[in-house]
Amino acid sequence: MTVSDQQYDAIAESFAESAGLPARAQAEIPSVLDLLGDIRDLEVLDLACGTGLYSRLAKALGARRVVGVDSSPVMIEVAKRTTRDGLGIDYRVHDVSVMPVIGEFDVVVAAFLLNYAPTLDTLSSMCRMIADNLRPGGRFVGDIPRGSYDPTRPLSDKYGMTYDMPPTIAEGDEFSFTAHLDPPLTIKSRRWLDDTYETQLRNAGLVDIEFHPWRPVGEEFDGGFWEEWSANPLAHNVSARKP
């Protein structure tokens, strides 16, 4: 069991509440759904599914088959309890870096998976598993901490998420991010640069790798609420395709 497994086992019951934080509800989730586009009748694999948020959303958008995978058994149990009867989502417990190939999917979603890789080899294995579970022409959509985030200009907690990152952090070093719930949840992550993510996804055989800023929605967007975020975003999306 990894540190990531242990920390998520401990917070599984309350972690689902983080979906209501401004950074997630008004920026992350709408941005992921925009990248997913029309997934009606497609097969979707949700890696690092946590409590099943994107698995449920994929079903609601008309996906024919959805499989959710997480390394935390407690997270998977919460996902099963949260999912309404009849959705038909297949939840499984696996460490993505060493899991078997489940099948050929049209779309693989991975919201904050790659940033938990403790080593470059593990990151490489995760990227290969994403590619190995995609059919030709299939797409990958993920969330990652932004590699060029400037820790010398930390954000306020008004977006619901902050990083505790030393100004001289090296690639591969550990840092913490906090979801400002009541009580706050602090989770350990790893610092990888966007170029490193891109290289490992490309080495895994994926193409058309692009990074996309989260695009906030809602009434606050035009009122200056997101100006601080826009100047130094914590995270963004990455997408790719299997040729």
Side-chain angles (χ1 to χ4, degrees), residues 8 11-40 42 44-63 66-70 72 75-76 78-79 81-84 87 89 91 105-116 130 139-146 149 155-163 177-182 184-185 187 189 197 210-223 225-230 232-240:
Y8 275 109
I11 65 171
E13 293 290 348
S14 56
F15 180 75
E17 298 175 17
S18 70
L21 297 173
R24 300 205 67 201
Q26 297 175 33
E28 176 203 336
I29 296 170
S31 298
V32 170
L33 296 182
D34 185 57
L35 282 174
L36 285 178
D38 186 357
I39 58 172
R40 286 175 293 181
L42 299 185
V44 177
L45 175 61
D46 182 12
L47 298 177
C49 70
T51 56
L53 172 64
Y54 286 112
S55 296
R56 295 189 298 275
L57 288 173
K59 262 297 183 181
L61 291 171
V66 178
V67 178
V69 171
D70 201 275
S72 166
M75 282 284 193
I76 290 295
V78 174
R81 292 201 307 269
T82 305
T83 301
R84 300 193 313 273
L87 282 184
I89 299 172
Y91 288 113
F105 292 83
D106 301 290
V107 180
V108 170
V109 182
F112 296 108
L113 162 69
L114 300 178
N115 54 295
Y116 291 114
I130 289 169
R139 297 181 296 119
F140 164 61
V141 175
D143 284 315
I144 52 174
R146 183 169 157 268
Y149 170 77
L155 297 186
S156 65
D157 63 7
K158 69 178 182 179
Y159 304 110
M161 294 172 59
T162 56
Y163 290 164
F177 73 86
T178 297
H180 291 274
L181 301 168
D182 185 15
L185 299 178
I187 302 165
S189 183
Y197 287 122
E210 296 183 50
F211 299 92
H212 312 266
W214 287 355
R215 301 192 180 280
V217 299
E219 295 179 359
E220 295 91 345
F221 182 64
D222 294 327
F225 179 80
W226 292 97
E227 287 182 1
E228 184 185 352
W229 176 280
S230 297
N232 191 28
L234 293 178
H236 56 184
N237 296 119
V238 58
S239 65

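For the single chain, residues carry numbers from 1 onward in sequence order.
- Contact detail for Asn115 and Ser189: the closest heavy-atom pair is ND2-OG, 2.9 Å.
- Taken to the nearest 0.5 Å, the OG1 atom of Thr178 stands 8.0 Å off from the CD1 atom of Ile187.
- Leu61 CG to Ile39 CD1: the interatomic distance, rounded to the nearest 0.5 Å, is 4.5 Å.
- Of the residues listed (Leu42, Asp46, Val67), the one engaging Phe105 in a side-chain contact (heavy atoms from CB on, under 4.5 Å) is Val67, and it is the only one.
- Between Trp226 and Pro22, the closest heavy-atom pair is CH2-O, 3.5 Å.
- Between Tyr163 and Tyr149, the two ring planes are perpendicular [angle over 60°; tilted spans 30° to 60°].
- Trp214 places none of its side-chain heavy atoms less than 4.5 Å from the side chain of Pro233.
- In this structure, the side chain of Lys158 engages the main chain of Phe225 through a donor-acceptor pair within 3.5 Å.
- With values rounded to the nearest 0.5 angstrom, Leu53 atom CG is found 8.5 Å from Ser18 atom OG.
- Residues Asp70 and Met75 come closest through the heavy atom pair OD1-CB, 3.9 Å.
- Of the possible polar contacts, none joining the Arg139 side chain to the Ser239 backbone as a donor-acceptor pair under 3.5 Å is found.
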Quick one, His236 with Ile144, criterion side chain to side chain contact (heavy atoms under 4.5 Å, CB included). Give me CA distance, side-chain angles, the key distance, then yes/no. CA-CA 6 Å; His236 56 184; Ile144 52 174; 3.7 Å; yes
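- Judged purely by atom type and a 3.5 angstrom limit, Glu17 has no side-chain atom pairing as donor or acceptor with the backbone of Leu181.
- For the pair Tyr54 (side chain) and Leu47 (backbone), a donor-acceptor distance under 3.5 Å is absent.
- At least one side-chain heavy atom of Ile130 sits less than 4.5 Å from a side-chain heavy atom of Leu114.
- Ser31 places a side-chain N or O within 3.5 Å of a backbone atom of Arg215 that can act as its donor or acceptor partner.
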Verdict with supporting geometry, Glu28 and Asp143, side chain to side chain contact (heavy atoms under 4.5 Å, CB included): CA-CA 8 Å; Glu28 176 203 336; Asp143 284 315; 3.0 Å; yes
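- Side chain of Arg56 to backbone of Thr51: a donor-acceptor contact under 3.5 angstrom is found.
- Summarising the geometry of Glu227 relative to Tyr159, their closest heavy-atom pair is N-OH, 4.0 Å, with the distance given to 0.1 Å.
- Here the closest non-hydrogen pair linking Gly160 and Leu21 is O-CD1, 3.3 Å.
- With rounding to the nearest 0.5 Å, the separation of CG in Leu33 from CG in Leu35 is 9.5 Å.
- In this structure, CG in Leu234 is found 4.5 Å from CG in Leu155, a value given to the nearest 0.5 Å.
- In terms of heavy-atom proximity, Leu113 sits nearest to Ala48 at CB-CB, 3.8 Å.
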Go through it in stages, so that I can follow the logic: the residues are Ser55 and Val109, the test is side chain to side chain contact (heavy atoms under 4.5 Å, CB included), and I'd like the CA-CA distance, side-chain angles, deciding distance and then a yes or no. CA-CA 9 Å; Ser55 296; Val109 182; over 6 Å; no
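- Rounded to the nearest 0.5 Å, atoms CZ (Arg24) and CZ (Phe112) are 7.0 Å apart.
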